[in-house]
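Order of the sequence lines sets the chain letters (A, B, ...), proteins ahead of strands, with each chain counted from 1.
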Amino acid sequence: MVKITLPDGSEREFTETPTGADIALSISEGFARSCVAMEVGGQLMDLSETVADGTAVRLITTRDSEALEIMRHSAAHIMAQAIKNLYPMAHLTIGPVVEGGFYYDIDMEPIGEEAFPAIEKEINRLVKAKLPFVRQVISKEAALERFKSEPYKLELIEGLEGTISLYTQGDFVDLCRGPHIPHTGLAKAVKLLRVSGAYWRADQNNAQLQRVYGTAFFDKKELKAHLHMVEEAKKRDHRKLGTQLDLFSFHDEAPGMPFFHAKGMAMWNALLDYWREEHRKDGYVETKTPIMLNRDLWERSGHWENYRENMYTSSVDEIDYAIKPMNCPGGMLLFRMKSPSYRELPYRAGEIGLVHRHELSGALSGLFRVRAFHQDDAHIFMTPEQIHDEILGVLNLAARVYQTFGLDFHLELSTRPKKSIGSDEQWEKATEGLRSALDIYGKGYMINEGDGAFYGPKIDIHIKDAIGRTWQCGTIQLDMSLPERFDLTYIGADNEKHRPVMIHRVAFGSVERFFGILVEHYAGRFPLWLAPVQAVLLPMNDDLLAYTVQVKRELEAEGIRVDVDGRGESLKRKVRDAQLQQVPVIITIGEKEREAGVFSVRTLDGTVTYGVSREDFLSVVKTDIHARKNESVPVFG
RNA sequence: GCCAAUGUAGCUCAGUUGGCAGAGCAGCUCACUCGUAAUGAGCAGGCCAGCGGUUCGAAUCCGCUCAUUGGCUCCA
C-alpha cells in the first residue's frame, strides 16, 4: 500500500505508486479535469510524475494562483509550435511567462500583427487536438544531438548542468524545465497581443529576433474580461486624465517631479483634510521635519551607507547634506528630545513628509513612479506590550480610509529575511506581535517568508481598484534598528530607561501615487467631496452673469468649490463641456431661477431636477460632502 | 542605468523622394443671448525637443544630448 497525504490532512491509499493524475482521479473525475500540476515538497511538478509512499501532495487546479503561470508557459510552447508549423525556417530561443501573459523570442523573418490571425488559428487547432505534454529526461549529449538543428537551443543546453528535460506535444519538442499542463486542451483562450524586436540575450550585436507577446486564460470569458480590463485601463490612464482634467503636469525641467495645478491641489487638499481628520480621531499628532539634513544624521541612520545612490546630496559651507528619502530619521530626533514616561506611550506622530528619491530614469511613470513625493507617514513609539494593540489600531484606521473610496484590500505579512539585524528573540516577539494582531483583525492574510525589511517584519496592505487591479499602498513596518541607532528611551514604571518599539506606517503610501490610483479608480468621475470643481454655474445669458457670480460667492461661503462658465456659448455647449470635465453638479441659472431664487440641477447621470430650493440644494450637497459619500451623483428633490 | 520606439501649435495628430509648416479641437475678436452633450464667421498661434553634422537646401538623412512611452534592471 502507498499512502499519500493531502493538504487538508486526509490520506489516500493506492495499491501501486500513483501519479499526480491518479491521485486527482481518486478524488473525482471533475476535480481531475481541473488539475494542472501538483506541488511536492515545495516543488511544482507535472501530474504525470509518480509520487512516492508517504509524500504530502498539493494538487493545483485552475483556481490556484500558480496554475495560470504554468498554463501560460504551456501556451508559449503551443504558440511556438504553431509558428514552427507556419514558418518552418524559424529558430526558437526562449519563451518565458511575464506579467499578464507570455512571450517567445524567435529568430525568423519579421512579422507584423497581420500575421496573428493565421497563427491564432493554428494555435486553436493544436488546443482542440488536446495533445498531451510528455516530459522526458535525457543526457546533455543526447540533448545536443536532438537539437542539432536549433542553434539557440544548443547554446542554452551548453550552459546547463546534468540531465536535460524535454517536453513533447504532438510532433513538437522543446527544451524546458517544466512543469506543464497535462494537455494542450487546457489552454482554451490564447491570444497574441503584439510583436516587437528583441536581441538574442538582449545584446544588440546578436541576431535580431521577433518577440511575440501573447496571453492565455483557462476560459474565453476570462480572456474577454482581461482584454476589456486592458482597454478600460487605457481609457483611465491617469496621465491622460491628468492633462484633460487639468490636475497636474510634468516638465522637462524637473523629470519625475509632478506639478499640481489648481484643480489637482483642490483634490489634494480634500484628500489630506480627510487624512488629518481620521488621524486626529485616532490620537495622532502631526509633526514636520526639514527636507534637508546633514551627513551626520544619515550616517547615524545608516542611509548614507545603504541608500546613498538614491539620495540627492549637496554640499553647503563645506558640510555634506542630503535631501531626505525617508522621514524617519528626522522623526527620531524629535522623539529623542523627550525620553518620555511610559504613561505617555504610545506616541503617534504623523508627518506628510516630502521625500526625494533618485529613481532610475527608465523607472519613472506618471504619478506612479516619481522622484519627489509625499508620504503620509507616521511613527509610533511604544512599549513591547503595546505592539499588538497598536498594529490593530493601524489596521482599523487603514481599513476605514480605504472603505471611504470603496477600495477592497488584502493583507500580507513579511517575515525575517536572510540578511537582517537583531536577535532571534526580538524577531520572534516582533513577528508574533504582528501575527497576533492580524489573527484578531480576522481578515486573513498571506505570508511572504523572508520578505521583511532587514530591520524588522512588516505588514503590507494591497488595495483593489474599480477594475480589479491591485496596488500595494499601506505598509506597517516594525523597526528594531533606528531606536537602537538613535538611542531612544522612555522611562518605565520601574524608573529605569527602556528602549521603545517603533513602527513606520503609511496608509496612502505615496500621496502622489495614491492620487494617480484614485484618478484611475474613479476614471476621473470623482465623488462630490473629492471633485476639484464640485458645481459649475451656467448663466443662460449675459444679463444673468452678475447674479450668477453673486451666487458663486454665496456657495463658496458655504465651503463648496464652484466655477462659473460665463462664455457666450449656447447652454448645450456649456452643459457638454461641464459633463466632459465630470463636474458632479451643473446648475443652470435663467430668469425663472433668479426670480424664484432656485436652481435647476443636472447631475452626471444626465438627470435634471428643476426648481431646487437653495436650502434643499445646500442640505443635499453638504450632507454628501461631510459624509464623504463615495458617490459622484448626488440626489436632489 | 540598459534595450527599443517616440518627440511637429495649449491638446490630439497629418506632413510624400530632402524643396514656402498643416488640420481638428482649445484660445482671441465679432455677431448670436440661446432651457440641458458642440451657433456661425474671422483672426492669431511654431527655434518642427536641444546641440552639432551632411547638403545649394533638413521637420525629413547622420551623430550626440534631453524628455516621454514600453520592456528590463533596481527597490537599504
Side-chain angles (χ1 to χ4, degrees), chain A residues 96 98-101 103 105 193-206 208-209 211 213 234 237 239-246 249-257 261 298 301-311 325-326 328-329 357-366 368-369 417 419-421 451-456 472 475 477 479 481-482 485 536 538-545 565-583 585-593 599-611:
Chain A
V98 291
E99 203 181 323
Y103 68 80
D105 281 348
L193 297 176
R194 57 185 182 276
V195 57
S196 68
Y199 294 105
W200 170 237
R201 297 210 190 265
D203 184 341
Q204 59 176 321
N205 298 315
N206 291 336
Q208 165 97 45
L209 311 171
R211 175 170 295 179
Y213 286 92
K234 234 185 259 169
D237 191 319
R239 292 169 297 196
K240 219 165 100 188
L241 288 171
T243 306
Q244 276 166 17
L245 303 180
D246 194 18
S249 55
F250 287 90
H251 302 270
D252 288 1
E253 288 80 354
M257 306 190 191
H261 303 186
W298 300 112
S301 70
H303 287 80
W304 197 266
E305 191 193 343
N306 295 309
Y307 202 68
R308 187 145 166 231
E309 65 276 20
N310 280 303
M311 288 158 68
M326 298 177 198
C328 30
R357 296 181 186 176
H358 188 265
E359 300 290 350
L360 294 179
S361 56
L364 301 179
S365 174
F368 287 165
R369 199 67 185 267
K419 192 184 139 199
S420 64
I421 60 141
D451 218 22
F454 79 90
Y455 50 74
Q472 195 227 298
T475 174
Q477 306 192 351
D479 193 327
S481 166
L482 287 179
R485 282 173 175 267
V536 64
L538 311 183
M540 291 292 295
N541 58 51
D542 290 352
D543 296 339
L544 289 156
L545 189 54
D565 185 348
R567 291 176 304 166
E569 295 288 351
S570 66
L571 183 67
K572 266 179 182 315
R573 175 51 180 278
K574 290 194 272 197
V575 166
R576 177 184 143 90
D577 288 346
Q579 288 254 167
L580 290 175
Q581 283 292 307
Q582 317 239 49
V583 181
V585 176
I586 300 167
I587 301 171
T588 309
I589 305 230
E591 271 316 323
K592 288 180 212 161
E593 283 78 11
F599 297 151
S600 291
V601 184
R602 182 184 167 115
T603 43
L604 289 178
D605 58 349
T607 59
V608 183
T609 315
Y610 294 94

*asked:* For B:U36, does the base pair up with any side-chain atom of A:Thr588 as donor and acceptor (N or O, under 3.5 Å, distance only)?
replied: yes
*Ignoring backbone atoms, establish whether A:Arg576 has a side-chain N or O less than 4.0 Å from OP1 or OP2 of B:U36.*
no
*Taking only the side-chain heavy atoms of A:Arg369 (C-beta and beyond), determine which of B:G70, B:U36, B:C74 contains the nearest atom.*
B:C74
*A:Asp577 CG - B:U36 P separation (whole Å)*: 16 Å
_Tell me the interatomic distance from A:Asp565, atom CG, to B:A38, atom C1', rounded to whole angstroms._
13 Å
*Do A:Ile586 and A:Gln579 have side chains that get closer than 4.5 Å, going by heavy atoms?*
yes
_Could you tell me how far B:A14 sits from B:C32 if I compare only their P atoms? Round to whole Å._
40 Å
_Distance alone, cut at 3.5 Å: any donor-acceptor contact between the side chains of A:Ser600 and A:Glu593?_
yes
*Dot-bracket encoding of pairs in RNA chain B, which uses [ ] for pseudoknotted crossings and | for another strand, Watson-Crick or G-U under 3.5 angstrom*: (((((((..((((.....[..)))).(((((.......))))).....(((((..]....))))))))))))....
*Counting any heavy atom closer than 4.0 Å, what does A:Arg239 reach on the DNA or RNA strands: base, sugar-phosphate only, or nothing?*
sugar-phosphate
_Using whole Å, what does the distance between atom P of nucleotide B:U36 and atom CD of A:Gln581 come to?_
22 Å
_Nearest whole Å is fine: how far is B:C74 C1' from A:Leu364 CG?_
12 Å
*Looking only at non-hydrogen atoms, find the nearest pair between A:Arg239 and A:Ser365 and report the distance.*
NH1-OG, 3.6 Å
_Touch class at under 4.0 angstrom, heavy-atom based, for A:Asp542 against every strand present_ = base
*Rounded to the nearest 0.5 Å, what's the gap from CG on A:Asp565 to CD1 on A:Ile587? Could you check?*
13.0 Å
*B:U29 and B:A67: how far apart are their C1' atoms, nearest whole angstrom?*
37 Å
*Could you check whether A:Gly366 gets within reach of a base, just the sugar-phosphate, or nothing at all, counting any heavy atom under 4.0 Å?*
sugar-phosphate
_Base, sugar-phosphate or nothing for A:Tyr610? Non-hydrogen atoms, less than 4.0 Å._
base
*From the list B:U39, B:A67, B:A76, which nucleotide is the closest neighbour of the side chain of A:Lys419?*
B:A76
*asked:* Quiz question: going by heavy-atom distance under 3.5 Å, is there a donor-acceptor pair between the base of B:G35 and the side chain of A:Glu593?
replied: yes
_Length of the CG-C1' vector between A:Asp543 and B:C32, whole Å_ = 14 Å
*Approximate separation, where rounding is to 0.5 Å, of A:Cys328 SG and A:Arg485 CZ*: 11.0 Å
_Within a 6.0 Å radius of atom CD on A:Glu309, are there more than 12 heavy atoms belonging to other residues, nucleotides or ligands?_
yes
*Rounded distance in Å between the P positions of B:U17 and B:U54*: 25 Å
*Take atom P in B:A49 and the same atom in B:U12, then report the distance between them in whole Å.*
15 Å
*When you match A:Asp237 and A:Leu538 each to their closest nucleotide on RNA chain B, which lands nearer the 5' end?*
A:Leu538
*Of the candidate nucleotides B:U68, B:A37, B:G71, which contains the atom at the shortest distance from the side chain of A:Arg602?*
B:A37
*Partner residues of A:Thr609 under the side-chain hydrogen bond (donor to acceptor under 3.5 Å, both in side chains) criterion, sequence neighbours left out*: none
*Integer angstrom distance from the P of B:U6 to that of B:A31*: 48 Å
*Reported NZ-to-NZ distance for the pair A:Lys240 and A:Lys234, which is rounded to 0.5 angstrom*: 9.0 Å
*The side chain of A:Tyr455 lies closest to which of these nucleotides: B:G1, B:G35, B:A76?*
B:A76
*What does A:Phe454 touch in the nucleic acid at a heavy-atom separation under 4.0 angstrom: a base, only the sugar-phosphate, or nothing?*
base
*For A:Met257 and B:C66, what is the distance between atoms CE and P respectively, to the nearest whole Å?*
15 Å
*Between B:G35 (C1') and A:Phe599 (CZ): distance, integer Å*: 16 Å
*So, is A:Lys572 near the phosphate of B:U36, with a side-chain N or O under 4.0 Å from OP1 or OP2?*
no
*Counting any heavy atom closer than 4.0 Å, what does A:Glu359 reach on the DNA or RNA strands: base, sugar-phosphate only, or nothing?*
nothing
*Nearest-nucleotide comparison on RNA chain B, the residue closer to the 5′ end among A:Glu591 and A:Asn306*: A:Glu591
_For B:C11 and A:Thr243 - does any side-chain N or O of the residue sit under 4.0 Å from the phosphate oxygens OP1/OP2?_
no
*Nearest-Å distance once atom C1' is located in both B:G22 and B:C62*: 27 Å
*asked:* Heavy atoms from C-beta onward define the side chain here; which of B:G35, B:A37, B:A76 lies closest to that of A:His303?
replied: B:A76
_Inter-nucleotide C1' distance (B:C75, B:A58), Å rounded_ = 44 Å
*May I ask you to verify whether the side chain of A:Ser365 and the base of B:G70 hold a donor-acceptor pair under 3.5 Å?*
no
*asked:* Please pick, from B:A37, B:G1, B:G35, the nucleotide with the shortest atom-to-atom distance to any side-chain atom of A:Val575.
replied: B:A37
*Of all heavy-atom pairs between A:Pro255 and A:Leu364, which one has the smallest distance, and what is that distance?*
C-CD1, 4.3 Å
_C1' spacing across the pair B:C20 / B:A59, given as an integer number of angstrom_ = 13 Å
_At less than 4.0 Å, is any side-chain N or O atom of A:Arg567 found next to OP1 or OP2 of B:G27? Yes or no._
yes
*Which heavy atom in A:Ser301 sits nearest to a heavy atom in A:Leu482, and how many Å separate them?*
O-CD2, 3.9 Å
_A:Leu544 CG - B:U33 P separation (whole Å)_ = 14 Å
_Can you tell me which nucleotide in B:A67, B:G71, B:A37 comes closest to the side chain of A:Tyr213?_
B:G71
